[in-house]
Amino acid sequence: MLKIKNKAESNAAEIYINGIIIDNNDANFVQLFDDGENYAWPADLKKQLDELKGKDLTVYINSPGGNVFAGVAMANFLKRHDGNTTAVVDGWCCSIATEIFFACQARKIPANAYLMIHKPSSAVEGTSDDMLKAADTLDTIQNGIESVYQAAAREGVTAQDITDMVNVGTWLTGNEAATYFNVEVMKPLDVVACVKGETPFQHAPKNITLKDANDTVKNRADDKENKCERLKIDMALIEAEEALA
């Protein structure tokens with residue numbers, strides 16, 4: 001669930017996008033079993049933004065990604081916000097969460113935090129025609145995501161460079177991200193990693209484990225006790241269930 005800190009004495013506020021990005025229907029489901037603490041979804045962000053009209057926002061992100069269309073909607077909400085927006089990566093910003101990051105006007109990432117970009121994925125059953133249609137749809141989605149990266153790329157970084165990184169699945173530290181994208185590198189943060197389970201992504205750096213949002217932002221937000229187990233959900237499976245629904 002999104003967390004918000006509204007600085008009443010100033011024209012500024014903070015929003016925290018922590019955990020897996022899900023659509024509004026899935027949000028209704030997860031809230032039946034907990035408070036949705038380890039998830040973020042469009043309707044929640046829209047509600048927060050409606051309450052913060054005209055305020056300058058700092059958006060802290062710590063997310064492994066999730067549902068493509070939900071992430072795109074959240075990115076568009078931030079683009080339309082009528083105040084200045086600054087995105088800050090708290091620990092990791094992966095998959096469709098990167099589109100939310102790049103939707104903000106200013107982007108900051110600590111030297112020891114991570115961006116991860118990769119190809120969208122899905123699952124389909126049916127005839128060969130269904131398979132081909134699914135492949136075409138995924139290619140269209142990838143083109144849209146890459147256009148966001150291209151718009152944020154530094155001079156000299158080509159569209160092919162972006163495509164190559166997406167195709168292989170690329171992890172970038174803050175310093176590495178700054179060689180490709182217009183981002184500001186911050187001093188390293190004291191990040192505590194949750195070592196339960198394995199990262200669901202391919203080609204992850206060996207020192208990457210499933211970072212829990214509560215650990216990473218504990219000095220900024222009043223988060224509850226860690227729930228690392230929830231981040232063991234395979235994000236590729238979530239996208240498989242949702243992307244072509």
Side-chain angles (χ1 to χ4, degrees), residues 1-5 13-52 57-78 87-101 103-104 113-116 118 120-123 145 191-194 196-201 208-218 220-243 245:
M1 180 176 291
L2 294 173
K3 293 182 180 294
I4 183 171
K5 285 190 175 181
E14 298 174 351
I15 287 179
Y16 296 82
I17 298 178
N18 295 334
I20 298 166
I21 296 167
I22 57 178
D23 67 16
N24 294 330
N25 290 332
D26 286 342
N28 293 333
F29 177 77
V30 300
Q31 289 180 98
L32 294 175
F33 300 96
D34 60 28
D35 59 5
E37 180 181 8
N38 291 304
Y39 303 89
W41 57 92
D44 197 17
L45 177 60
K46 180 63 165 56
K47 178 182 177 181
Q48 306 291 2
L49 292 177
D50 287 344
E51 297 173 359
L52 298 172
L57 299 180
T58 301
V59 183
Y60 295 98
I61 302 172
N62 194 55
S63 173
N67 182 282
V68 170
F69 303 121
V72 171
M74 295 169 74
N76 287 333
F77 293 163
L78 286 168
V88 179
V89 177
D90 265 326
W92 60 355
C93 180
C94 305
S95 192
I96 199 60
T98 58
E99 185 152 340
I100 298 172
F101 176 71
C104 292
Y114 293 89
L115 291 183
M116 192 281 285
H118 68 162
S121 62
S122 185
I145 293 172
V191 176
V192 180
C194 172
K196 295 181 180 179
E198 298 294 332
T199 174
F201 301 115
I208 289 291
T209 56
L210 297 182
K211 301 181 189 301
D212 183 82
N214 300 324
D215 285 325
T216 310
V217 300
K218 63 182 179 180
R220 288 205 185 104
D222 297 324
D223 292 344
K224 297 179 181 180
E225 184 180 356
N226 294 338
K227 293 182 180 179
C228 295
E229 294 295 342
R230 294 193 183 278
L231 291 185
K232 293 169 68 176
I233 296 176
D234 187 336
M235 297 312 305
L237 178 59
I238 290 178
E239 291 181 352
E241 293 174 344
E242 303 288 350

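Just so it is clear, the values below take in all heavy atoms, side chains as well, and ignore hydrogens, waters and symmetry mates. Remember, it's a predicted structure, so these values are computed and weren't measured experimentally.
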Exercise. In sequence, state the C-alpha distance, the side-chain angles, and the governing distance for V30 and N38, and then conclude on side chain to side chain contact (heavy atoms under 4.5 Å, CB included).
Key: CA-CA 10 Å; V30 300; N38 291 304; over 6 Å; no
Practice problem: Would you check if I100 and I96 make a side-chain contact, meaning some heavy-atom pair closer than 4.5 Å? | Solution: no
Exercise. Return yes if some donor-acceptor pair links the side-chain N/O of N67 with the main-chain N/O of I21 below 3.5 Å, else return no.
Key: no
Quiz item: Are any of the side-chain heavy atoms of W92 and S63 separated by less than 4.5 Å?
Solution: no
Self-check item: Close side-chain approach of C93 and M116, heavy atoms under 4.5 Å
Solution: no
Quiz prompt | Shortest non-hydrogen contact from V59 toward C104 | solution = CG2-SG, 4.2 Å
Quiz item: Roughly how far, to the nearest 0.5 Å, is NZ of K47 from CG of L52?
Solution: 12.0 Å
Quiz prompt | Non-hydrogen side-chain atoms of M74 and F69 separated by less than 4.5 Å | solution = no
Quiz prompt | Set of residues satisfying side chain to side chain contact (heavy atoms under 4.5 Å, CB included) with respect to A113, sequence neighbours excluded | solution = V89, I109, P110
Quiz prompt | Which atom of A103 lies closest to which atom of A75, heavy atoms considered | solution = CB-O, 3.4 Å
Quiz item: Any donor-acceptor pair under 3.5 Å linking the side chain of D90 with the backbone of Y60?
Solution: no
Quiz item: Do the side chains of L57 and E14 get nearer than 4.5 Å, heavy atoms only?
Solution: no
Quiz item: Side chains of L78 and L49: closer than 4.5 Å at any heavy-atom pair?
Solution: yes
Quiz item: Does T98 have any side-chain hydrogen bond (donor to acceptor under 3.5 Å, both in side chains) partners at least two apart in sequence or in another chain, and if so, which?
Solution: Y149
Exercise. Take Q31 and W41 through the side chain to side chain contact (heavy atoms under 4.5 Å, CB included) test and state the conclusion after the steps.
Key: CA-CA 12 Å; Q31 289 180 98; W41 57 92; 3.6 Å; yes
Quiz item: Taking the side chain as C-beta and beyond, is there a heavy-atom pair between P64 and I20 under 4.5 Å?
Solution: yes
Exercise. Check whether any side-chain heavy atom of T58 sits under 4.5 Å from a side-chain heavy atom of I15, and report yes or no.
Key: no
